[in-house]
Amino acid sequence: MRLRSLTLWDMHFQLKYGFYFLYTVLTVLYAVVLLAMPESWQEKVAPILIFSDPAAMGLFFMGAIILLEKSQRVSLAFAVMPVRAMEYVAAKVLSLCVLSMAVAAVLAAAADTGRVSVVLAGTAVSSVIFTLLGIIVSTKISSLNQFILWIMPIELITFLPAVLHILG
């Protein structure tokens, strides 16, 4: 029950601060770009697009979310609530995973991959990993500039092998 409430609260937080609006605009833009490409290109571009953005969204947004919560002293409220750290982290992971999978489903459908279930499973696993990495990094930093500097090596290490594999 607490996990569900925390996840819904996180989703409300993300809605309030424009995460869903931003990703709606980006998803429409990405879908239009995919539909404008020749089919042979879509096979290569769609996986890169899905892996580098919706699946990795937790890595990018977690810094902003945690820093905003730190500035609003949300963690102090959690200190007096009967919420365990694991529930807090799981709610963050679940809320961003739902958003990631929705975006990935739209992009997979736009690219007509025919393997939407595989795309969703891969996006879910990647989203969990990237969101947890984002949480780890964001707990160690105090500014958005620091966060950006810390995630650059993570991006290179995680994105480069996948993109090179997709491109052959």
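Keep in mind it's a predicted model, so treat the numbers as computed, not measured.
- In this structure, Val33 and Met37 have side chains that are in contact, with non-hydrogen atoms separated by less than 4.5 Å.
- Here the CZ-OG1 distance, from Arg4 to Thr7, works out to 9.5 Å after rounding to the nearest 0.5 Å.
- Rounding to the nearest 0.5 angstrom, the gap separating the CG atom in Leu99 from the CG atom in Asp10 is 11.5 Å.
- For the pair Leu3/Leu94, a side-chain contact is recorded, criterion being any heavy-atom separation below 4.5 Å from C-beta on.
- Rounded to the nearest 0.5 Å, atoms CG (Leu144) and CD1 (Ile66) are 13.0 Å apart.
- Side chains of Phe19 and Ile65 form a contact here, defined as non-hydrogen atoms less than 4.5 Å apart.
- Under a hydrophobic clustering in which Ile, Leu, Val, Met, Phe, Trp and Tyr are joined whenever their side-chain heavy atoms come within less than 4.5 Å, directly or via other members, Tyr17 and Val103 fall into the same cluster.
- When side chains are defined from C-beta on, Gln14 does not count as touching Tyr23, because their heavy atoms never get closer than 4.5 Å.
- Shortest non-hydrogen contact noted between Ala31 and Leu107 is N-CD2, 3.8 Å.
- With rounding to the nearest 0.5 angstrom, the OH atom of Tyr30 is 15.0 Å from the CG atom of Leu35.
- With rounding to the nearest 0.5 Å, the separation of OH in Tyr20 from NE2 in His12 is 11.0 Å.
- Taken together through direct or relayed side-chain contacts under 4.5 Å among Ile, Leu, Val, Met, Phe, Trp and Tyr, Leu120 and Ile129 form parts of separate hydrophobic clusters.
- Judged by distance alone, the side chains of Glu69 and Tyr88 do bring a donor and an acceptor atom under 3.5 Å apart.
- Residue Ser95 comes nearest to Met11 through the heavy atom pair CB-CG, 3.7 Å, listed as atom of the first residue, atom of the second, then distance.
- Between Phe13 and Trp9, the ring planes are parallel. Angles under 30° get that label, and only those over 60° would be called perpendicular.
- Residues Val28 and Leu22 fall into different hydrophobic clusters, defined by Ile, Leu, Val, Met, Phe, Trp and Tyr side chains chained together at heavy-atom separations under 4.5 Å.
- At least one donor-acceptor pair closer than 3.5 Å links the side chain of Ser138 to the backbone N or O of Ile135.
- From Ile151, atom CD1 reaches atom CG of Leu133 across 10.5 Å, with rounding to the nearest 0.5 Å.
- Hydrophobic clustering (ILVMFWY, side-chain heavy atoms < 4.5 Å, transitive): Phe147 and Ile136 are in distinct clusters.
- Looking only at side-chain heavy atoms (C-beta outward), Met101 and Ser127 stay at 4.5 Å or farther from each other.
- Across Ser143 and Leu67, no two heavy atoms sit closer than the pair C-CD1, 3.5 Å.
- Contact annotation: the side chain of Leu59 approaches that of Glu155 to within less than 4.5 Å [non-hydrogen atoms, C-beta and beyond].
- Within the 4.5 Å cutoff, side-chain heavy atoms of Leu132 are placed close to those of Val89.
- The same ILVMFWY cluster, assembled from side-chain heavy atoms under 4.5 Å apart, contains both Leu8 and Val93.
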